[in-house]
There are 2 protein chains.
Amino acid sequence: MSPMHYTRDNMAGLLRGHDINPTHQRIEIAYALFSRQEHLSADQVMAVVNTRHSETSKATVYNTLRLFLEKGLVREVIVDPCKVFFDPNTSPHHHLYEVDSGKLSDIDAEHVQISGLPPLPAGMVTEVIDLIVRVRRKD
Amino acid sequence: MSPMHYTRDNMAGLLRGHDINPTHQRIEIAYALFSRQEHLSADQVMAVVNTRHSETSKATVYNTLRLFLEKGLVREVIVDPCKVFFDPNTSPHHHLYEVDSGKLSDIDAEHVQISGLPPLPAGMVTEVIDLIVRVRRKD
DNA sequence: CAGCAATCTGGACTTTGTCTAATTTCCGGA
DNA sequence: TCCGGAAATTAGACAAAGTCCAGATTGCTG
Ligand SMILES: [Mn+2]
Ligand SMILES: [Mn+2]
Ligand SMILES: [Zn+2]
Ligand SMILES: [Zn+2]
């Protein structure tokens, strides 16, 4: 399969495929995330979407990101208190967080093995396993 | 070794051992965490310390918890946006987080194996690896 | 006791996110 | 095309968690 190329035009299909009614604002927010393929905070999404002229409100950015989450279009990464990142990559993967700079990058899950976890409490099911490697500059 | 029994009296020694000048407030905050051996948020620490009568300010609670962090007396666990938990257990271990109830419990690291992590970026050193198993009630 | 550094404090402030009531947009039927 | 209602968006008030600061208190040491 050829490398996916994200345009505003194919955002509508992506949204429909996740049972999300594609509106102008939703397309812009999805495009911000998927065209960059980066971890963005709500604030950053807000800034990207409103670069040219203010066209999407704070409430809509937050509502839309939560909608994307519920529909499984994006994933949430919590590395910093009070700063949620939204991740367009929903395939299972881990994260490397540089605490000094705040830089967050992906770790491919393919070669990572986690074994020996104890059984879950009765009646519980795993939602996700978050593995975050926190690193800092040596000395 | 016999199971440790935490009292206000031995908090002073614990603090000194971590290069922290033991004051009344610091002893109370350490005692709140270590006598319970639980994960507490700043708010919860605040509530515990001020049960009888108000004696420790919000600023001191936050400053003290950050001081404990820097000195390696406690560890920070970030599972929920905008709610940091402080953990008196600084030995390497992992966490189980029940997303519905907010209940946070320890997973012993002894039998958990994480392998296949890629090499770190040059000049970086691992501060901590956080493994969080997020679970929810089945159906 | 006086001087001085460390610590503590109330309260203003910031950041991130939520909520709500009012408006706008969208769409199907008459 | 026009109308009515549902869905979506909006501004701005509000809330929660945490930071900051200038002034007060504490506890040494000389
Ligand atoms: Mn536009
Ligand atoms: Mn007391
Ligand atoms: Zn990612
Ligand atoms: Zn723990």
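The analysis underlying the following values was restricted to heavy atoms, covering all of them including side chains, and did not include hydrogens, waters or symmetry mates. Here is how names work: the chains are called A, B, and so on, in the same order as the sequence lines, proteins then strands, and each is numbered from 1.
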Closest approach of A/E28 and A/V49, non-hydrogen atoms and distance? O-CG2, 3.9 Å
Nearest heavy-atom pair of B/E55 and B/Q25: which atoms, and what distance? O-NE2, 4.1 Å
Could you grab the distance from atom CG of A/L73 to atom CD1 of A/I29, nearest 0.5 Å is fine? 11.0 Å
Among D/dT9, C/dT16, D/dT19, find the nucleotide with the atom closest to the side chain of A/C82. C/dT16
Counting heavy atoms from C-beta on, name the nucleotide in D/dG18, C/dT9, D/dT10 closest to the side chain of B/V84. D/dG18
Under 4.0 Å from OP1 or OP2 of D/dA8: is there any side-chain N or O of A/N63 that close? no
Quick one: is B/Q25 getting a side-chain N or O under 4.0 Å of the D/dT26 phosphate, OP1 or OP2? no
What is the distance, rounded to the nearest whole Å, between atom [atom1] of [X] and atom [atom2] of [N]?
{"X": "A/M46", "N": "C/dG17", "atom1": "CE", "atom2": "C1'", "value": "12 Å"}
{"X": "A/R66", "N": "C/dG17", "atom1": "CZ", "atom2": "P", "value": "11 Å"}
{"X": "A/Y62", "N": "D/dT10", "atom1": "OH", "atom2": "P", "value": "15 Å"}
{"X": "B/H24", "N": "C/dT9", "atom1": "NE2", "atom2": "C1'", "value": "14 Å"}
{"X": "A/I20", "N": "D/dA8", "atom1": "CD1", "atom2": "P", "value": "10 Å"}
{"X": "B/R26", "N": "C/dA6", "atom1": "CZ", "atom2": "P", "value": "11 Å"}
{"X": "A/E55", "N": "D/dT10", "atom1": "CD", "atom2": "P", "value": "9 Å"}
{"X": "A/I78", "N": "D/dA17", "atom1": "CD1", "atom2": "P", "value": "14 Å"}

Mind checking if [X] touches a base, just sugar-phosphate, or nothing, with heavy atoms under 4.0 Å?
{"X": "B/S41", "answer": "nothing"}
{"X": "B/K58", "answer": "base"}
{"X": "A/T23", "answer": "sugar-phosphate"}

Please confirm whether the backbone N or O of A/I107 pairs with a side-chain atom of A/H94, one donor and one acceptor, at under 3.5 Å? no
What orientation do A/Y6 and A/F34 show, parallel under 30°, tilted 30 to 60°, or perpendicular over 60°? tilted
Nearest-nucleotide check on DNA chain C, B/S57 vs B/P81; residue mapping nearer the 5' end is B/S57
The answer to which of B/K83 and B/A59 contacts DNA chain D further toward the 5' end, by nearest nucleotide, is B/K83
